*Asks:* 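Questions regarding the structure given below will be posed in turn.
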Amino acid sequence: MSVSEITETRQYLTFKLGNEIFATDVAKVREVLDLTTITQIPRTPEFMAGVINLRGSVVPVVDLRLCFEMTKTESTRNTCIVVVEVLLDNESTIIGALTDSVEEVIDLEPDQIQPAPRIGTQIRTDFIKGMGKRDTQFIMILDIDRVFSAEELTVVRGQQEAVKQEAVKQEAVKQEAAKPPAGKKHAADQQLVAA
Amino acid sequence: MKEAVAGNAEQFKHSFREEAREILTELESALLGLHENRGDKEVIGRIFRGLHTIKGSGSMFGFERMAAFTHDLETAYDHVRNGRLEIGSELIDLTLAALDQIAAMLEEGAEGVAPADPAVCAGILAGVRKLASIEEETKPAKKSQPAPEPPAAAAGPIESWRIRFAPGPDLMRFGAKPSLLVNELGQLGELAARAVLDAVPPLGEIDPERCYVRWEMELATAAGAEAIRDVFIFVEDTCELTIEPAAGAAPALEETRPASEAEITARALAEKRNATPGRRTYDTPDNASSLRVPAAKLDLFVNLVGELVTVQARLSEIAAKHDDPEIAAVSEEVERLTSSLRDNSMNIRMMPIRATFEKFRRLVHDLARDLGKNVELTIEGADTELDKTVIDQLSDPLMHLIRNSMDHGIEPAALRAARGKRPTATIHLAAKHSGASVLIAVSDDGGGIDAEAVRNRAIERGLVAAGADLTEAEIFALLFQPGFSTAKQITDVSGRGVGMDVVRQRVDSLRGSINVASKAAEGTTVTLRLPLTLAIIDGLLVSIGDAFFVLPLANVLECVELTQADVERANGKHIADVRGEIVPYIRLREHFGIRTPRPEIEQIMIASTEGGRYGFVVDKVLGNCQTVIKNLGRFYRHVKVVSGATILGDGSVALVLDPERVAHDAVRATAHGVRAGPSVAAIAAAVKQSLRGRSAAPQRTV
């Protein structure tokens with residue numbers, strides 16, 4: 001969807017990633033949750049933060065900051081999970097998005113929204129539906145379906161990377177693991193030297 | 001009002017469609033059975049009855065075209081039944097084609113279904129009429145109107161029957177027309193029918209959708225009670241129906257003025273008194289022992305049971321915390337009930353795989369004809385039960401495997417002869433249980449897979465490096481890559497390289513695995529290993545650091561301790577000594593990159609996998625748990641090592657591991673390490689180096 005398709009006043013939920021303000025169509029948002037325990041899934045790329053228990057169903061959570069090539073989300077009192085309903089391959093899917101803080105719901109007239117500039121934003125321009133302006137602040141309106149579909153496409157690649165990273169990591173862990181605890185070190189060393 | 005009627009009619013039609021679909025499937029397998037054993041009277045009878053039901057109830061529910069179309073077929077089979085017509089391949093093939101058309105008419109109006117082709121129908125009918133020529137000349141085929149005379153085909157002595165038919169009040173609401181039923185009875189023989197109108201209320205109170213009328217009928221026919229009952233087959237459950245032989249030798253059929261009700265009642269009572277014991281009453285239908293339930297209702301039920309299991313886990317946890325014997329007793333009771341409720345609900349979803357297997361007889365028959373090969377399908381273990389969801393997903397992959405076997409596997413007749421094989425090739429479908437899995441094998445006695453050709457093709461396509469050292473299993477695994485095909489020619493049947501990819505995707509989504517075994521010139525067996533059920537499993541809850549995991553209990557053989565001393569004894573190799581047997585283990589902490597301090601004593605869960613026994617090292621084993629598996633969803637569908645997640649009693653999420661995949665993944669990671677990264681030996685050397693380095697500075701703590 002491009003900016004030209006935005007023809008009526010819509011409500012947007014705004015949230016912050018770092019100092020940037022982003023927005024998404026309120027119709028896409030199911031709910032906003034405080035940060036809860038996120039269970040990590042092993043051997044997945046880092047931007048896939050894990051899963052949470054949302055009243056009995058398991059919902060995947062994505063670290064939006066990592067999606068936009070910012071640093072990993074730090075958990076603070078303001079950290080929120082915005083639960084959105086997106087279309088992946090024409091299938092509706094519930095996904096949680098980690099954000100630094102959720103701001104407010106605002107109305108934006110079509111004429112308040114301009115097409116995204118081709119350069120000058122940190123994130124991929126095809127993720128941005130348009131730029132809104134409120135007071136002096138720019139608001140980047142995300143095409144949330146796009147963000148997740150595109151990320152999903154990179155998952156396979158990301159996974160391969162993760163495996164590679166893992167191999168490197170594993171090596172380090174292996175070395176770590178092979179270290180005997182302090183008390184027994186001496187005996188072990190002798191054994192190894194003897195070997 | 002009208003719309004409500006239409007809605008109900010639709011519902012009734014729907015149930016007819018379902019029933020008819022079943023009949024069609026049965027007809028198909030009966031026909032194919034007939035192919036092998038032409039003289040089987042019973043099978044012919046079954047076919048005739050099936051066609052008859054389709055025709056009869058079809059016309060009742062407004063599928064007039066279908067009924068008219070089926071009529072001639074039915075006639076043909078009636079001739080066959082009476083020995084007037086020889087059954088031949090031509091008739092069988094015509095009938096099969098006709099069944100397809102009937103199926104198309106049945107689904108007419110549904111989206112994405114090609115409507116029945118009138119030209120094809122006409123062609124089929126012409127063929128059938130030609131074959132059954134004897135009758136066609138004597139009797140015009142028009143079934144929509146009641147036949148003025150009883151069909152000549154009816155055999156046996158003419159008997160009189162007294163039929164009382166009291167439709168349920170909802171009959172018309174379901175879209176059935178009682179008048180059609182009565183007309184159909186009239187076709188069986190000479191019928192005297194009288195409508196009993198005494199229940200009809202005054203006009204002001206009439207509900208136009210209700211049926212207030214009963215019928216008392218006398219029928220002289222040679223068709224027998226069975227045929228009479230067939231007429232009512234679709235309304236039997238909702239009406240009162242009595243069919244009894246009339247006592248008098250010949251009923252007063254000439255009687256134009258209906259007898260007064262008192263007379264009829266008196267006569268009926270008299271007859272009742274000396275009625276034969278063979279009298280049949282259909283007030284209590286004998287098919288009440290099984291129910292037809294929409295799958296969606298069942299899914300909801302199973303979901304609810306799943307929720308209950310989760311809540312019960314929480315209750316158990318709370319009970320364990322409070323040291324109250326009363327709560328503990330209740331909790332235990334609930335646990336017991338939940339567990340049997342769970343088992344039962346899972347059981348409801350279990351269905352024999354027979355129907356899915358039988359469906360392929362037709363495919364094999366048609367393909368064999370198209371390919372000009374002589375192939376028979378043998379089936380083994382058709383009673384093996386599987387979760388309905390699994391069965392539903394199996395049809396496609398099996399179809400692709402069979403097509404592949406037929407097209408590529410089975411050699412042309414000449415080559416078979418040269419190899420000294422039986423001229424008739426065999427495709428064998430087998431299913432059997434193996435632990436918590438079901439093995440489904442598709443085998444053929446064809447030419448086998450040319451591993452070298454697959455390898456070359458893979459190199460050509462850049463899937464593997466030219467010099468790669470691949471095992472046979474690895475080479476066969478290449479077959480399931482998207483777009484991979486060794487076929488030199490794309491045929492109508494296969495060769496596009498799509499099929500095997502579909503098989504792999506579907507099996508992956510069912511958390512199953514594929515194994516291919518093949519011997520040159522002897523044949524190929526593709527075995528699919530699938531989990532019995534997808535929803536709930538028994539598992540062992542384990543922890544690594546603060547993460548919880550569930551291992552399916554079915555895979556776990558035993559747990560042993562892994563102490564620091566054991567690790568030292570193995571010299572850093574990941575191998576445990578379990579009562580003298582060597583078991584390689586995978587440290588899940590390392591494999592999953594969990595960076596929390598390692599406990600002094602770890603636990604090895606020994607699990608059996610396809611690739612042999614593996615140990616999975618975890619921090620703690622917390623105990624048994626019933627696990628409702630929640631899908632991780634589309635977003636995590638590429639994650640292999642985790643087959644799902646489950647919610648624990650305290651609300652936290654535990655991941656359900658797939659030992660098979662974890663082992664596979666770990667083995668692959670090691671193999672990668674050998675090829676790409678530093679070798680195991682290099683790592684070992686580095687470890688030694690670091691240890692030596694540290695021994696020089698012993699005061700550093702770990």
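Every value quoted in this text rests on a predicted model; they were computed, and no experiment measured them. Just so it is clear: chains get the letters A, B, ... in the order the sequence lines come, proteins before strands, and each one is counted from 1.
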*Asks:* Tell me which of these, Val59(A), Val51(A), Thr36(A), has more heavy-atom pairs under 4.5 Å with chain B than the rest.
*Replies:* Val51(A)
*Asks:* Under 4.5 Å from any heavy atom of chain A, what part of Val641(B) do you find: side chain, backbone, both or neither?
*Replies:* side chain
*Asks:* Sub-3.5 Å donor-acceptor pair from the side chain of Arg43(A) to the main-chain atoms of His591(B), do we have one?
*Replies:* yes
*Asks:* Quick one: what part of Ile94(A) sits under 4.5 Å from any heavy atom of chain B, side chain, backbone, both or neither?
*Replies:* neither
*Asks:* Less than 4.5 Å apart, side chain to side chain, heavy atoms only: is that true for Leu588(B) and Pro42(A)?
*Replies:* no
*Asks:* Please flag which part of Phe549(B) lies under 4.5 Å from any non-hydrogen atom of chain A: side chain, backbone, both or neither.
*Replies:* side chain
*Asks:* Give a yes or no on this: more than 12 heavy atoms of other residues, nucleotides or ligands lie within 6.0 Å of atom CG of Asp111(A).
*Replies:* yes
*Asks:* Given 3.5 Å as the limit, does a donor-acceptor pair link the side chain of Tyr636(B) with the main chain of Thr44(A), or not?
*Replies:* no
*Asks:* Are Ile647(B) and Val58(A) close enough that some pair of their side-chain heavy atoms sits under 4.5 Å apart?
*Replies:* yes
*Asks:* I'd like to know whether CG of Asp546(B) has more than 12 heavy-atom contacts from other residues, nucleotides or ligands below 6.0 angstrom.
*Replies:* no
*Asks:* Do other residues, nucleotides or ligands put more than 12 heavy atoms under 6.0 Å from the CD atom of Gln40(A)?
*Replies:* no
*Asks:* Which bit of Val86(A) is near chain B, if near means a heavy-atom gap under 4.5 Å: side chain, backbone, both or neither?
*Replies:* neither
*Asks:* Please assess Ile41(A) against Leu655(B) for the test side chain to side chain contact (heavy atoms under 4.5 Å, CB included), listing each intermediate value before the final yes or no.
*Replies:* CA-CA 8 Å; Ile41(A) 311 271; Leu655(B) 302 176; 3.6 Å; yes
*Asks:* Within a reach of under 6.0 Å around CD of Glu104(A), are more than 12 heavy atoms found that belong to other residues, nucleotides or ligands?
*Replies:* yes
*Asks:* Considering only heavy atoms, which portion of Ser57(A) lies under 4.5 Å from any heavy atom of chain B: side chain, backbone, both, or neither?
*Replies:* backbone
*Asks:* Answer yes or no: is there a side-chain heavy-atom contact under 4.5 Å between Thr39(A) and Ser652(B)?
*Replies:* no
*Asks:* Given heavy-atom pairs under 4.5 angstrom as the criterion, report whether the side chain, backbone, both or neither of Thr37(A) touches chain B.
*Replies:* neither
